[in-house]
Amino acid sequence: MKRGFVFIGKGGVGKTTCSASLALSLAEKGRTLIASLDPAHNLGDVYGVELSDRPVEIAHNLYAIEVDTDLLTKRYLKRTVGRIKEMYSYLKVLNLDRYVDSLKYSPGIEEYSILEGLTELISMDHEFIVLDMPPTGLTVKVLTLPYTALIWIEKLMDLRNEILSRRRTIEEIAGRKCVIINGKEIAIPSDEKDDPVMRELKEKKKKMELVRGFLAEKCSLILVANPEPLSLFEGERAVNALKNFRLSVTGIIINKFVQENRITEKLERLGKAVRVPMFDQMPHGIEGLKKIGEILEELQEGMGE
Ligand SMILES: Nc1ncnc2c1ncn2[C@@H]1O[C@H](COP(=O)(O)OP(=O)(O)O)[C@@H](O)[C@H]1O
Ligand SMILES: [Mg+2]
């Protein structure tokens, strides 16, 4: 059974440091994959090893990857455009190539490709997955995307059904409509099972349900925050935004803890909290991170392993 740990929080609070440490401690229990999905990667720096967009074993049972989100965007767009061309091969006027370049800048593409990356990671064979996410705003969008996308997909499926039903009505009156492409006669689909658009929508739906299920049932969301006001405010906003989608943040890491104050109290009210002290030196390297990993073990206990 796969279990995921998703690290969220403001930039610079210590997401990478803490997720790298937790992954080390999980690797003692089972095959673990840690993935950086933050386009500004620093996972390799924190471990002190060179990483790439393929998982490499950096310690016994511990695999690490820095997902190349730019490459994912390019691959995603290429695949999507290819599929649209295939589906609408009978529309000679459709010139998609012109749009490919501008599509990469369209809103939502970054979130979508990070989610694609996440879907690929879930399908890999590991007992534990640790996700080092981009800063809060983008992460909240990525994590809630399966919910919003499913609403859209279902609406589009209804609409497509309507179109197909009208096509069938027309067929009854005027017969089957065909077009000739490259000398081949192609029938315009009017039945759900022959329709490539419907097939694509169903496939997308299945994929989104899979990630949504994984995030909601198999993942622990962990907020990393520093005991300072801005980090607390951003953390609180993220926790509440995710709550609207029934995604609950269960673990709180108060990182760079120095002494108790009102902020730490407030943070501790957000979930099961642990404190990681402020170290004199940047915690890094497998040995250096182990002591943080030990502190974080407390966090795993309440996480329904
Ligand atoms: N407990 C700690 N004590 C001292 N420095 C820390 C601690 N945790 C993180 N840091 C330092 O803070 C900086 C940001 O940490 P990082 O893990 O890269 O944050 P994020 O991934 O959230 O942007 C790094 O220089 C890191 O070494
Ligand atoms: Mg980071």
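Side chains are part of it too, since the values below use all heavy atoms of this structure and drop only hydrogens, waters and symmetry mates. Positions are given from 1, in the same order as the sequence printed here. These figures come from a predicted structure and were not determined experimentally. In each ligand, atom 1 is the first atom listed, and ligand 1 is the first ligand listed.
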Going by ring pair (Phe, Tyr, Trp, His ring centres under 6.0 Å), name the pairs with one or both residues in residues 144-198, residues two or more places apart or in two chains. Tyr147-Phe245
Sequence neighbours left out, what pairs pass ring pair (Phe, Tyr, Trp, His ring centres under 6.0 Å) with at least one residue falling in residues 167-193? none
How about His126 and Tyr63: are their ring centres within less than 6.0 Å of each other? yes
Contact check: Thr16 to the Mg ion (ligand 2), N/O/S below 2.8 Å: yes
Considering residues at least two apart in sequence or located in another chain, which fulfil the side-chain contact (heavy atoms from CB on, under 4.5 Å) criterion with Ala241? Val140
Can you list every protein residue that has a heavy atom under 4.0 Å from any atom of ligand 1, sorted by chain and residue number? Lys10, Gly11, Gly12, Val13, Gly14, Lys15, Thr16, Thr17, Asn42, Asn255, Lys256, Val276, Pro277, Met278, Phe279, Met282, Pro283
Salt bridge or not between Glu228 and Lys256? Use side-chain N to carboxylate O under 4.0 Å.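 No salt bridge links Glu228 with Lys256.
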Looking at Arg79 and Glu116, does any basic side-chain N land under 4.0 Å from a carboxylate oxygen?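 Salt bridge present between Arg79 and Glu116.
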